[in-house]
Amino acid sequence: MQHLLSVDDMSEDFIHEIWTNALNNKDNISTSLSGKILTNLFYEASTRTSSSFYSAMTRTGGSVIPINNVKFSSVTKGETLEDTIIAMSTLSDCIVLRHPDTGSANRAAKVSSVPIINGGDGEGEHPTQTLLDGFTIYSNNNKSLDNLNITFIGDLKNGRTVKGLVKLLSRYKNNNFNFISPESLKLPSELLPSNSIESENIENVIDKTDVLYVTRVQKERGSDHDYSLSLEKLNLLKRDSIVMHPLPRVNEIPREFDNDKRAKYFEQMRNGLWCRIALLEKIILG
Ligand code: NCD
C-alpha cells in the first residue's frame, strides 16, 4: 500500500509515470476506477483540491464519499482523527485528507488500512499540488525542469505549496531560486536551496524570471500582510515566462492579466485533473 504524504514519497520514476499518464489522460479517459470509492475528508476550506479529486474519481467511473464540512460529521461529537480514518478506511479504497495540523496526514497513515493522500496538512505540504505545479512547468518548458530561474513571492512561511515545489525543483539541474517576501513571511531557512536569493522586493529579479510562482497571504494561519503585483510590474517579465498561482487568489494578480498568454494559473487547475486521475489510478490500482 502506497501513501502520498510528502514530495519525499515520490521518486523521479513515479513522477514521470504520473506525468506521462497525465498527458495521455488529456485525450483519452477510461473507466479504470469503476467500482472504487474515494473518501474526501476535508477539515479545512477547499474548492479546487476537493472538487478536482471528485472530478478525477467520477470521470474515471469511481465514486466519492464527500466529507467536506466536518461541522456536520462526528468530529463535532469529539471523534479523533484516528477513529475517523479507521472508520472511513472500512468504507473506501483511498482517503484524501486535508487538515489544519502539520503532520496530520502522517498520523492518519499510521492507522489507515487504505492509502492516504495528503491534500494539505497545515503549513506542511500539499504533494498533489506539487505534482500539478511541476507538470505545468514540464508541459510549458519542453518537458524539462532544468535551467530555470524561478521566483516565489508571497507568504513563503505558511504557504505549503511553495515548500513542495522547492523540494521538487531542487532535484533538477541548474535551477536558481528567488524568494520574495517580507521578513516575517520568509521561507524557513532549513528549506532554502543553496543557490537562492532572498529579497523583500521583486524588481531585481523579475526580468530574469522564467517561472513566477505567486502565493496568497495565509491569513488563516496568522499572517498579516497584503500585496498585489501591478500590471506594469508583471509586464517586466520576459515574453516566454510563465506566471503560476495555486489559487485561490485574493488580489495578488490583477484580473486584467488573466488573458495574457503568460498566465497559467487556470491551466494549472486543468492539469491538476489530469495528474490526479493518473495518481488515483496508480495508488488505487497499484
Ligand atoms: C492552496 C492550499 O490549500 O494550500 N490551494 C490549493 O490547494 N489550490 C493554496 C492556498 O490556499 O493559498
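Below, each value reflects all heavy atoms present in this structure, side chains not excepted, and no hydrogens, waters or symmetry copies. Just follow the structure's listing: the first ligand is 1, and inside any ligand the first atom is 1.
For the pair His126 and Arg160, the minimum side-chain heavy-atom distance is below 4.5 Å.
Interface of Thr49 with ligand 1, defined as ligand atoms under 4.0 Å from a residue heavy atom, comprises 6 (C), 7 (O). Taking every heavy atom of Thr161 and a limit of under 4.0 angstrom, the matching atoms of ligand 1 come to 1 (C), 4 (O). Distances below 4.0 Å separate heavy atoms of Gln129 from the following atoms of ligand 1: 6 (C), 7 (O), 8 (N). Applying the 4.0 Å criterion to heavy atoms of Pro246 picks out, from ligand 1, the atoms 8 (N), 9 (C). The atoms of ligand 1 that sit less than 4.0 Å from any heavy atom of Leu247 are 1 (C), 5 (N), 6 (C), 8 (N), 9 (C).
Here the CD1-CG distance, from Ile283 to Leu38, works out to 10.5 Å after rounding to the nearest 0.5 Å. To the nearest 0.5 Å, the span separating OG1 on Thr58 from CG on Leu33 amounts to 10.5 Å.
With hydrogens and angles ignored, the 3.5 Å screen pairs a side-chain donor or acceptor of Ser73 with a backbone N or O of Val70.
In this structure, the protein non-hydrogen atom closest to atom 11 (O) of ligand 1 is Arg216 NH2, 2.9 Å. The closest protein non-hydrogen atom to atom 7 (O) of ligand 1 is His126 NE2, 2.8 Å. Protein heavy atom nearest atom 3 (O) of ligand 1, with residue, atom name and distance: Arg160 NH2, 2.9 Å.
Stacking of Arg98 on the aromatic ring of Phe42 is not recorded, the 6.0 Å distance cut-off and the 45° axial limit not both being met.
The only member of Ile242, Asn149, Ile253, Ile202 that meets side-chain contact (heavy atoms from CB on, under 4.5 Å) when paired with Leu212 is Ile202.
Ionic pairing of Glu123 and Lys157 is not present here: no N-O contact between side-chain nitrogen and carboxylate oxygen is shorter than 4.0 angstrom.
A heavy-atom separation below 4.0 Å is not found between Gly120 and ligand 1. Using a 4.0 Å cutoff on heavy atoms, Gln218 counts as a contact of ligand 1. Close to ligand 1: Arg98, with a non-hydrogen atom less than 4.0 angstrom away.
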For this session: Give the intermediate values and the outcome of side chain to side chain contact (heavy atoms under 4.5 Å, CB included) for residues Leu169 and Tyr213.
Result: CA-CA 12 Å; Leu169 291 172; Tyr213 193 94; over 6 Å; no
